[in-house]
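Worksheet: one structure, shown below.
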Amino acid sequence: MLAIFIIGTWRHRLKGLEDFHLAGKNQGTIALTGTFCATIMGASTTIGMAGLGYSRGLPGSWWLLSGTIGMVLLSVLLAEKIRATGCSTLPQFVGSIWGERTRATASILIAVSWIGVIAVQIIASGNILLAVFGGDISHYMVTCTMVFVLYTAYGGKKSVIRTDLFQILIIIIGMIVLFWQAFKAAGPLPLIQQSFPTSAEMNCWEVISMILVVGSAYLIGPDMYSNIFSSHSSKEAKASAFISAILLIPLAFLITSLGIFSRYLYPAITPEQAIPSLMAALLSPAIVGLVAAALLAAFMSSADTCLMTATSILTFDIYGEVYRRMRSKADPNATQDHMMKVSRIAVVAIGASALILAVSNPDIIKTLLIAYTVFTSGLLIPVLAGFYKDRLGLTPNGALSAIAGGGFIAIILGQSHPLLGMTASAVILFAASWLERWLARRRKENL
């Protein structure tokens, strides 16, 4: 944590808001690939996915494979179009398609959802330090939160990208070391006995549901879009998203295998203790430190990107719009200084909110699925349909209704029916747009 803090804060020169929020919009393929991979390799794709491997076998790898499907589609279909808009945040992009009211609704939906995503990384960080040192998990949660909040508040997106390149290397090394030790202890038999792409514990419908919910969170993820907006060009955005997806495929199977080995060796533990149990039983103290560092790197590299994404949305799309209307004639330099202060305050406020949520609801996969379900239910269909709105005859009011309605239904019923909100959003989008066009025609006929 000390090393990451130093890397994140060493010799930074921020030139303004664009540097803080989008790293100057000049990041190349290597830097973007590193930050894409480090962002994705968080709590759900380490502790959570190993837990899925423990409880559901090799099909648990669909959690990350769903993300790689979303990333490939993002690269092939959308990345160049998104970068070409010149936007800074996903809500701004949504607003450019559907209007300012839709931008505001999307901003609130994303900000609330992404606090949950950050909370998951805090929970996982606390769990891994608890496994290594024992004691009070809340102290570890506070410590980890302070580290990534401080270097993010100091250097913004530039700090995030710089630390991500370092962290992804530690993640890969640590996971390979742990896999090798688990393989030596359990042998190949636990893997040979596995079925894929489905199993008795995870049927075809569950796999499809996971691909739609989790894959969609990558296809229209605000953190993914933030990385695209930070790229130097549209081609580099497209290439880095595609390369990241390919690199993550072997890691999906490797990490899920850790859960399978853990179930074979320790059948009495809980699924989310799969990796900590392997660490405690199979590794020397020095190697435990390496793997713990890898896991902390995974959690904090996801947390800092999500924190920066939520900060940009809160600063530009929520506070910024209100401030511009109130101070339309303000001096531009004074405005930029003020917005920089607001950005740093937002980092601290969002980090503190995520910490409170983490302490109150310490279930990794459950918390993340709730956040993803609410987010994708409201935004997936309106964002994708927005590229073809004229051809489909869709209206801004229809999109606004779909975002609000899909998100609300997901909050109420998303845990028991994860695809219901997404389905409702699509129905509302087309029905409300048709109704608006029909009423417009009637008014015209009456005139």
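Small disclaimer: the values here were computed from a predicted structure and weren't measured.
Thr311 places a side-chain N or O within donor-acceptor distance of the main-chain N or O of Leu307, the cut-off being under 3.5 Å. In this structure a side-chain-to-backbone donor-acceptor pair under 3.5 Å is missing from Ser231 to Asn227. A donor-acceptor contact shorter than 3.5 Å is absent between the side chain of Gln273 and the backbone of Ile269. Within the 3.5 Å criterion, the main-chain N or O of Glu206 finds no donor-acceptor partner in the side chain of Ser209. Of the possible polar contacts, none joining the Gln181 side chain to the Val177 backbone as a donor-acceptor pair under 3.5 Å is found. No side-chain donor-acceptor contact under 3.5 Å links Thr39 to the backbone of Ser302. Thr68 places a side-chain N or O within donor-acceptor distance of the main-chain N or O of Leu65, the cut-off being under 3.5 Å. Thr45 places a side-chain N or O within 3.5 Å of a backbone atom of Ile40 that can act as its donor or acceptor partner. Trp98 places a side-chain N or O within donor-acceptor distance of the main-chain N or O of Pro382, the cut-off being under 3.5 Å. Side chain of Thr85 to main chain of Ile82: a donor-acceptor pair is present (N/O by atom type, distance under 3.5 Å, no hydrogens or angles).
Side-chain contact check for His21 versus Ser230: every heavy-atom pair is 4.5 Å or farther apart. Residues Lys157 and Phe20 are not in side-chain contact: their nearest non-hydrogen atoms beyond the backbone lie 4.5 Å or more apart. In this structure, the side chains of Ile313 and Tyr319 stay at 4.5 Å or more apart for every pair of heavy atoms. Two residues are said to be in side-chain contact when any heavy atoms from C-beta on lie closer than 4.5 Å; Ser226 and Thr305 fail this criterion. Two residues are said to be in side-chain contact when any heavy atoms from C-beta on lie closer than 4.5 Å; Leu429 and Ser401 fail this criterion. No side-chain heavy atom of Met300 sits under 4.5 Å from any side-chain heavy atom of Gln121. Between Trp63 and Met210, some side-chain heavy-atom pair lies under the 4.5 Å cut-off. The shortest side-chain heavy-atom distance between Phe299 and Ile47 falls under the 4.5 Å cut-off.
Interatomic distance, CG of Leu109 versus OG of Ser377, reported as 9.0 Å (0.5 Å rounding). Once rounded to the nearest 0.5 Å, the distance linking CD1 of Ile260 with CZ of Phe253 reads 10.0 Å. Rounding to the nearest 0.5 Å places OG1 of Thr315 at 9.5 Å from CD1 of Ile345. Put simply, CE on Met141 and CG on Leu130 are 9.0 Å apart, with the number rounded to the nearest 0.5 Å. In this structure, Ile211 CD1 and Ile69 CD1 are separated by 4.5 Å, a value rounded to the nearest 0.5 Å. For the atom pair CG (Leu52) and CZ (Arg56), the distance works out to 6.5 Å, reported to the nearest 0.5 Å.
For Ile30, the CD1 atom sits in a loose shell: 12 or fewer heavy atoms of surrounding residues, nucleotides or ligands are nearer than 6.0 Å. Heavy atoms from other residues, nucleotides or ligands lying under 6.0 Å from OH of Tyr266 number more than 12.
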Checking Ser75 against Met71 for the side chain to side chain contact (heavy atoms under 4.5 Å, CB included) test, could you report, in this order, the C-alpha distance in whole Å, the side-chain angles of both residues, the deciding distance, and whether it holds?
CA-CA 6 Å; Ser75 169; Met71 287 291 290; over 6 Å; no
Notebook entry, point to check: What do the steps show when you test Val160 against Phe148 for side chain to side chain contact (heavy atoms under 4.5 Å, CB included), and what is the final call?
Noted result: CA-CA 9 Å; Val160 169; Phe148 71 77; over 6 Å; no
**Message:** Please evaluate residues Phe229 and Cys87 with respect to the criterion side chain to side chain contact (heavy atoms under 4.5 Å, CB included), reporting the C-alpha separation (whole Å), side-chain torsions for both, the decisive distance (0.1 Å), and the verdict.
**Reply:** CA-CA 7 Å; Phe229 293 141; Cys87 294; 3.9 Å; yes
Item to complete: Given salt bridge (Lys or Arg N to Asp or Glu O under 4.0 Å), test Arg103 with Glu100 step by step and report yes or no.
Response: CA-CA 5 Å; Arg103 176 183 179 180; Glu100 288 303 308; 3.5 Å; yes
Dump the intermediate steps for side chain to side chain contact (heavy atoms under 4.5 Å, CB included) on Met308 and Asp223, then the final yes or no.
CA-CA 8 Å; Met308 197 63 244; Asp223 44 358; over 6 Å; no
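Taking every heavy atom of both residues into account, Cys37 and Leu247 meet most closely at SG-CD1, 4.2 Å. In terms of heavy-atom proximity, Leu64 sits nearest to Leu251 at CD2-C, 4.3 Å. Heavy atoms only, all atoms of each residue included: Thr46 and Ile275 are closest at O-CD1, 3.6 Å. Here the closest heavy-atom approach between residue Leu165 and residue Gly34 is recorded as CD2-CA, 3.8 Å. For Met49 against Ile255, the heavy-atom pair with the smallest separation is CE-CB, 3.8 Å. Taking every heavy atom of both residues into account, Pro276 and Ile128 meet most closely at CG-CD1, 4.2 Å.
Ring centers of Phe133 and His139: at least 6.0 Å apart, outside the cut-off.
Side-chain contact, Thr395 with Asn397: no donor N or O sits under 3.5 Å from an acceptor N or O.
Aromatic ring orientation, Phe261 versus Phe183: perpendicular (interplanar angle above 60°, classes split at 30° and 60°).
When the options Val214, Ile208, Val207 are evaluated for a side-chain contact (heavy atoms from CB on, under 4.5 Å) with Trp62, the one that passes is Val207.
Listed by chain and residue number, Asp317 satisfy the side-chain hydrogen bond (donor to acceptor under 3.5 Å, both in side chains) test with Thr89 (two or more places apart in sequence, or in another chain).
Relative to the six-membered ring of Phe387, Lys81 meets both conditions, a distance below 6.0 Å and an angle of at most 45° to the axis.
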List, one per line, each side-chain donor-acceptor pair under 3.5 Å for residues 237-245, sequence neighbours excluded.
| unit_1 | atom_1 | unit_2 | atom_2 | d |
| --- | --- | --- | --- | --- |
| Ser240 | OG | Glu236 | O | 2.9 |
| Ser240 | OG | Ala237 | O | 3.1 |
| Ser244 | OG | Ser240 | O | 2.7 |

